Structures are given as structure tokens and as C-alpha cells.
Amino acid sequence: MLRDWLQRENGVPVLAGLAAMALVALLQIAAFTPLDRLGLQLFDAYQAASPREYRDAPVRVVDIDADSIDKLGQWPWPRSDLARLNRLLGEAGASAIAYDIVLAEPDRTSPARVAQGLEREGADPALVSQLATLEDHDAIFSQSLAKSPVVLGMILETDDIGRPFAPKVGFSLFQSPPVREMLDYKGATQSLPQFVDAAAGVGSLTHQSDGDGIVRQIPLIAKYDGQLVPSLSLEAMRVARGEGQSVAVYGSGSDIDTAGAAAGLRIGSLEIPSTADGRIWVYYTREQKQRIVPAWKVLTGAMTEDQLRAEFAGKIVYLGTSAAGLRDLVSTPLGREVPGVMVHAQATEQMLLGEHLVRPDWAPGLELALVLLLGGGLALILPRMGATYGALLGIGGIAAVAAGSWLAFSRAHYLLDPLYPSLAIALVYTLQTVLSFYREERKRAYIRNAFDKYLSPEMVKQIAADPAKLELGGEEREMTVMMCDIRGFSRISEQYSPQEVIDFLIEFLTPMSDILLSSKATLDKYMGDAILAFWNAPLDDPDHPQHAARAALQMVEALDELNRTMPAKQGRPWPGDVRIGIGLNTGICCVGNMGSRRRLNYSLIGDTVNLAARLEGQTKQYGTPIVLGSGLARHLDGFALLELDRIRVVGRDRPDTIFALLGDESFAAHDALHSLAEAHGLMLAAYRSADWDEAARLLEEYSDRYVALGLDKLNALFWNRVAELRKAPPQSGWDGVFQATNK
């Protein structure tokens, strides 16, 4: 019943389509990185097409830009200058002054440190003493921190380095701590202890870009040694709003019952949606000069008190740098070299304005549902609709998903990824269309071309009526394989016209084929002058090794008879003394109906076949018409066999012991064969043990017997090898295996 459904109801394409849909669903569930990254890049494109519209928010950036460094000197500036900056901004009414800088080392320009340097250089002691009495710059800066709403930055470290950090803010948790997906930092690089103690707040500067180096999200909270710590932007918001020492972390929707997941934070009445690990998606604007004030304008008196008050009163002020040499530049969806401080500033703007990018907690579920609904629906109906209407439906589905994603972004600032549903539609359509085309073409090709000569006309009619009878495939079984080829056929072809060559092949192939068929062989194919045949399929033949060996011997005898009789026949082309090479081997093969949509053949494949073909080529080297592999030799007890060599044929890594088939059981009883077989075995043993003198002696002593059995070429071959190996001995560990270089 299932088979009938698969054939008649387009079951295979449906199952293939559902499998494609399931694959996409699994990739989504597993968060397949390359596809997820494509989704992030699509969100980048949305921001580039429709960035956040800039509205003046109470956020400013005091930028240590290249002009400021030119005017005020090399960075880092004296802490006394930074103290004056704190004072000026504080007097101007800044609600928070956030440092996107870590002041981890003492000020090298403090008078006492300068005095120490002058003293080492032998300066006037009076001058050194006078400098040492001046107030320390770090102390001046600490005093300014106590008088201004300053938030310092720190860098969290994965290694346990730096001194312990104690947050200045606590967290009110409306669920379990949101630490399920957070990286647990073990150390921190902080500003000097007196600065941290005097500052109104301390926040983390650490954020991780995505795999492609783009900063799309920043954390509002992080996990340090098992406790929550705020980011610089969150801490600046808390200090600016005067919300005391607590920030609320809450859950909503499905996440409230999920241990270790956050849905948002609250500072007073201000609610900030977040991801489950406490991050926010930054909704960037294009570059705006309005939010930036160069540091030199504040410190050089270029701005009056009224101008400072108008610019900074009631605002969160970030101090950072855009100077390229200070290396605080990052990549965002809208730019490749954006000052890192701008990320904090823009995140603060969107929090104050309530303009957030949100990837809702239900978004992955919706996207998965669309994969199942659209991909599964198309998989079920496409085989009934056809490729053209299916393409229109698929394109419409992808367009609808893409449009929905864009509308969700542009109108509600939701981040919904259309990639997986679109991929499901495209993959289902492609796979089903290709599969349906393949199946139809395979049916037509098999019926029209492959089987019209392979089967009887009546069977062809039955297959045409029921294509289910047409199946590709095979079975593994032990078989004996023969490859037979005419020696020097190219030279023979030169002597005759094409028609005469065909006539010659008919005279040769007919008796050879008769011998094979009478020995229960299956003729696989003719390849010009070559014959490929095998035994034990499709009909069982338990004696296939013996049948193959006898057939090979009969073919050699039949060719000798043809060489004697054919030249006397008038009008029959025959080039004189024709010789053949036969390679035989026994082993496991896969045999059955094999081919393609255009042609089907009952044939076999496997290493046994390849080795038989290579052994046929070795008959030329060893001067014997029949060479067989060890797989067949072990089945031929009583036959006249002579071990030839151990050889590694071209295209095969594993060596094999090869044998010459010299005759049947009656020929094996000859004393001359026994004597030569014993001497040849001793020669091979000496050869493989690199005893060249003994091998040469045996070859010389028994050379007449080699010649008597027609093995003079074998004798000469080993003579030449021994001579060459004497001149260039093999490396240690030589196993006596000969590496063939010719097929």
C-alpha cells in the first residue's frame, strides 16, 4: 500500500519536500551560525534603509578628537585637566558624566612624579623640592569626582585578574537571576581605587561584537563573579535620574517562568526591554554632529558659561575619543569606524526616547511555525500543482514573508527573520521540482532507450504499463570476473579498413563468446576488441571459479586453432599470429541493474572487477596469456598454477599475489611443471629477501625450463629486475612488492 501511494500519489516528492522542510527547521532550532549571520546582516540592511530618526535627547558626547589632541597635547592629559572638565560640566548642570575610559594608572604628569624624574636626572634640588610640595593631580581628580555626578568605566575580564569589584548599585529581581546565558567574568580592569571610591557610579565598558565584528547589541547587565553589574550606559542612566541604589530586572510573557532569563529592566518609571541575557539591540541613527562637542571647546574657554549650561544642563555627558590613534573604533550596521563612545550614547538616547529595536520572545516560535506551515504546505500541494504554478506560489510566499518582516521593522521596530521560512520554501520547491523531473525522465529513458534491447518486447510492454517494475539496484555476491583483450589491436587495425576490422572482430568474438556462454558466463559487454564477462550471476553457479578457469584455457586453445586455420580461408581478414591477454579474479562484487536515466545495463562493479582488468594488462609484462589474482587461485586446487609475483597494480593501494594459469588438472601432473614451480618459488624467496646472488643463480640454472614452458619472458623480467636492484638496492623495509606503472 505504501509503495502504491509513493508511486501514484507523488509520495516520494512529498516525503522529500517534508524532509527539506524538517532540515530547515532543525537548522533554525540549532541556530546554524552561517544562516543566523545572514539574518543579522538582513537586519543591518533594514537599519541602513530606515535608521532611527535623530531627535534631540538629553545626551551629549565630549569627544577627545584629533583637534583636541592637537590643541591640548598628547593623550593621556593631566588628571588636573580632567578634574577641570568635571567641574565645568558639573557646574553646567550635567546630570551624569560617564567616562568611556579606564584610568588604571597614576598620572605620570603629577608634580611629585615629575619631581622624581628630575631628581634622577640631577636637576636643581630646590626645584625638585618645590615641585614635590604641589598638589597631586590624582588627588585633584578624586576631589572633582566627589563634587560631580561621574560614572567611571571598567573592563570585565574572563581571567581572574585585577582587584575585586563591588558594584555601587543593587538589583531588585522579580524572578531568578538572569544569568542563564551570560558569560561569567572573573576579573576586572578598573580605575584607581580612590577614583572608584569617589565616583557616583561604575559601569562595564565590555561588549562583544557578533562573529562578523559588528556591534549590534550591548549588555545592560553582566555577570561578574556570580553577581550582576551594570553597563556604563545603565549606570549613567541610574545616576542621571537619581534613582538611588537599585535597578529592577523583570520577566514577562513566557520568560517569567524560565529560570535565568530576563525580559527587561526598570529604572524608576523607565522600562527598557532586553534580551534574555540582559542586552539591548542598538537602534542607530546616522552620524549627527549635534550630539558631539569637541573636548577642546570645553577646556580652552571657547564656550562661555551660558553656552556650557545650554549645551549640557540636564544631560548625560559621555567622555570618549574618536581619534584613530587611540583605537576605540568599532563597526556598526551604519559604519565601519564608529567611535565606541557613540554606541553608549546612542543606546542611552533610545532608552530615554523609548525607541527600541525588539526581537520578541515569540519571534523564533513564529519563524519556526512559518517554516512548518509554508514549507510543509508547499511540500503537500506542489506535486499536484506543477512546477509553474508552484513557482508562482513559492515566490508569493517568500514575498509575503519578506514584506511582513519589513513592515514589522519599519512600523513596530520588531526584528523578525524571514530567512528560514524563505529558505524552507525555496528548498522544498527546488528539491521537489528536481526530483519530479528526475523521476519522469528516468521512467521515459528507461522504457524508450535502456530496455528495448535488454528485455523482450512483451516485458517492455509490461514495464510501460507498470513503471514500478523498473528498479535500479544490485546485490553483493562472490563472483569470478574475466577481462580479455587482443594484444596489439591498434597495430592490427592499421592493416585493414574499418569494415575488415569489424569482420576480423566477428571472427574472433564469436568463438570466444560461444566458449564463455557454454561455461555459464554472463557476457557483460564488448569494448572494441575486449570482452568483460562474469560468473555466478544472475544465475547461481557454485563452481564459477573452475568454470572461469576452464573457459580461459579453452579460449587460448581456440585462438591457437584460429591462428592455424584462418589464414588459409580466402576473403577472411586475419593478421597472422593473434595473441590475447586474460585477467581473472574472484571476490565480492555488486551486481544488478545499473546505469542512469538514459541507459540501464545489467552489470557489476567492485574492486574485484578493477583488479581483473589490471591483471589482463600484466599478461604483457609477465609473458603469459592468463594471469589471475589470489582470490581465484585459492579455489583452483589441482590446476596448473605458477606464482608470478606480488604486485601493486595501478590505481590500487593493496598488493596482491598473482599467478599464471598454465593448464588444467592433467597438465598440473607434469614433472617439469613441478620442478619449475619449486625452483621459481625458491627464486622468489631469495628475491624478496634481497639475496640477489641466489636469485640470479636460480634464474640461470632453470632458464631452460622457463623456456620449455613458454615462460622465457618471465625469466628475462626477473633477470632485469635483479640486475637493476643490484645497482640501486631498495630501501630498508622493502617487502618485495612490485609497483606496476602501466595498466
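In this text, all values refer to a predicted model and were calculated from it rather than measured experimentally. Throughout, residue positions are numbered sequentially from 1 according to the sequence presented.
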Query raised in the report: Is there a side-chain hydrogen bond (donor to acceptor under 3.5 Å, both in side chains) between Glu724 and Asn720 once you walk through the steps?
Result: CA-CA 6 Å; Glu724 291 175 1; Asn720 293 333; over 6 Å; no
Report task. Starting at CE of Met482, measure out to OG1 of Thr522 and round the result to the nearest 0.5 Å. Result -> 12.5 Å
Report summary line: Across all chains, not counting sequence neighbours, the side chain to side chain contact (heavy atoms under 4.5 Å, CB included) partners of Lys525 are Met527, Leu532, Asn601, Ser603
**Report entry** CD (Glu678) with more than 12 external heavy atoms under 6.0 Å
**Finding:** no
**Report entry** Non-hydrogen atoms of Pro545 and His635 that approach each other most closely
**Finding:** CB-CB, 3.5 Å
Expected list for residues 27-39: side-chain donor-acceptor pairs under 3.5 angstrom, two or more places apart:
{"from": "Gln28", "atom 1": "NE2", "to": "Pro364", "atom 2": "O", "distance (Å)": "3.3"}
{"from": "Asp36", "atom 1": "OD1", "to": "Tyr420", "atom 2": "OH", "distance (Å)": "2.8"}

Query raised in the report: Would you call Phe667 and Leu709 a side-chain contact if the rule is heavy atoms closer than 4.5 Å?
Result: yes
Query raised in the report: Going by an N to O cut-off under 4.0 Å, is there a salt bridge joining Asp540 and Arg477?
Result: yes
Report summary line: Met479 and Ala537 have their tightest heavy-atom pair at CE-CB, 3.5 Å
**Report entry** Side chain to side chain, Glu507 and Met566, heavy atoms closer than 4.5 Å
**Finding:** yes
Query - Minimum heavy-atom distance Asp503-Pro573, with the two atoms named - result: CB-CG, 3.8 Å
Report task. Drop me the distance from Gln554's CD to Met512's CE, to the nearest 0.5 angstrom. Result -> 10.5 Å
For residues 637-645, tabulate all N or O donor-acceptor pairs below 3.5 Å that involve a side-chain atom, not counting sequence neighbours.
{"from": "Glu643", "atom 1": "OE2", "to": "Arg688", "atom 2": "NH1", "distance (Å)": "3.1"}
{"from": "Glu643", "atom 1": "OE2", "to": "Arg688", "atom 2": "NH2", "distance (Å)": "3.0"}
{"from": "Asp645", "atom 1": "OD2", "to": "Tyr622", "atom 2": "OH", "distance (Å)": "2.8"}
{"from": "Asp645", "atom 1": "OD2", "to": "Arg721", "atom 2": "NH1", "distance (Å)": "2.6"}
{"from": "Asp645", "atom 1": "OD2", "to": "Arg721", "atom 2": "NH2", "distance (Å)": "2.9"}

**Report entry** Parallel, tilted or perpendicular: rings of Phe504 and Phe508 (30°, 60°)
**Finding:** parallel
Report task. Report the distance from atom CG of Leu611 to atom CD of Gln618, rounding to the nearest 0.5 Å. Result -> 10.0 Å
Query raised in the report: Do you know the tightest heavy-atom contact between Val14 and Ala379?
Result: CG2-O, 3.7 Å
Query - Leu711 and Leu676: CA distance, side-chain angles, deciding distance, side-chain contact (heavy atoms from CB on, under 4.5 Å) verdict - result: CA-CA 10 Å; Leu711 298 172; Leu676 178 62; 3.8 Å; yes
Query - Reported CG-to-CG distance for the pair Leu698 and Asn715, which is rounded to 0.5 angstrom - result: 10.5 Å
Report task. Could you check if a side-chain atom of Leu505 sits within less than 4.5 angstrom of a side-chain atom of Ile486, using non-hydrogen atoms only? Result -> yes
Side chains of residues 578-588: which donor-acceptor pairs under 3.5 Å do they make with residues two or more places apart or in other chains?
{"from": "Arg579", "atom 1": "NE", "to": "Asp577", "atom 2": "OD1", "distance (Å)": "3.1"}
{"from": "Arg579", "atom 1": "NE", "to": "Asp577", "atom 2": "OD2", "distance (Å)": "3.3"}
{"from": "Arg579", "atom 1": "NH1", "to": "Asp560", "atom 2": "OD1", "distance (Å)": "3.1"}
{"from": "Arg579", "atom 1": "NH2", "to": "Asp577", "atom 2": "OD1", "distance (Å)": "2.9"}
{"from": "Arg579", "atom 1": "NH2", "to": "Asp577", "atom 2": "OD2", "distance (Å)": "3.2"}
{"from": "Thr586", "atom 1": "OG1", "to": "Thr480", "atom 2": "OG1", "distance (Å)": "2.8"}

Query raised in the report: So which heavy atom on Ala16 is nearest to which on Leu431, and how close?
Result: O-CD2, 3.3 Å
**Report entry** Heavy-atom side-chain contact between Phe738 and Ile658 under 4.5 Å
**Finding:** no
Query - Student check: side-chain heavy atoms of Asp529 and Ile492 closer than 4.5 Å - result: no
Query raised in the report: Tell me, which pairs form a ring-ring contact (aromatic ring centres under 6.0 Å, His included) where one or both residues lie in residues 702-723, sequence neighbours left out?
Result: His680-Tyr706, His680-Phe718, Tyr687-Phe718
Report task. Spell out, as yes or no, whether a donor-acceptor pair under 3.5 Å connects the side chain of Arg648 to the backbone of Asp653. Result -> yes
Query raised in the report: With sequence neighbours left out, what residues match Glu561 under salt bridge (charged side-chain N to carboxylate O under 4.0 Å, His left out)?
Result: Arg564
**Report entry** Exam field: side chain Thr433 to backbone Thr430, donor-acceptor pair closer than 3.5 Å
**Finding:** no
Requested in this report: List the steps, then state whether salt bridge (Lys or Arg N to Asp or Glu O under 4.0 Å) holds for Asp607 with Arg654.
Outcome: CA-CA 11 Å; Asp607 181 63; Arg654 190 170 64 253; 3.5 Å; yes
Query raised in the report: Is any side-chain heavy atom of Phe534 less than 4.5 Å from a side-chain heavy atom of Asp524?
Result: yes
Query raised in the report: Would Glu494 and Arg491 pass as an ion pair if we require N to O under 4.0 Å?
Result: no
Query raised in the report: Heavy-atom count around Glu701 CD within 6.0 Å, excluding the residue itself: above 12?
Result: yes
Query - Test log, rule side-chain contact (heavy atoms from CB on, under 4.5 Å), inputs Asp541 and Asp543 - result: CA-CA 5 Å; Asp541 181 8; Asp543 297 323; 4.1 Å; yes
Query raised in the report: Atom CD in Glu478, atom CD in Glu476: separation rounded to 0.5 Å?
Result: 12.0 Å
**Report entry** Check against side-chain contact (heavy atoms from CB on, under 4.5 Å), Met21 and Leu374
**Finding:** CA-CA 9 Å; Met21 173 210 69; Leu374 298 179; over 6 Å; no
**Report entry** Salt bridge present between Arg550 and Glu665 (N-O < 4.0 angstrom)
**Finding:** yes
Requested in this report: State, yes or no, whether a side-chain contact exists between Trp734 and Pro729 at a heavy-atom distance under 4.5 Å.
Outcome: no
Requested in this report: Could you tell me which non-hydrogen atom of Thr624 sits nearest to which non-hydrogen atom of Thr619, and how far apart they are?
Outcome: O-CB, 3.1 Å
**Report entry** Point-to-point distance, once rounded to the nearest 0.5 Å, from CG of Leu714 to CD of Gln621
**Finding:** 12.0 Å
Query raised in the report: Would you say the side-chain atoms of Ser518 pair up with the backbone N or O of Ile515, donor to acceptor, closer than 3.5 Å?
Result: yes
Report task. Check whether any side-chain heavy atom of Leu516 sits under 4.5 Å from a side-chain heavy atom of Met555, and report yes or no. Result -> yes
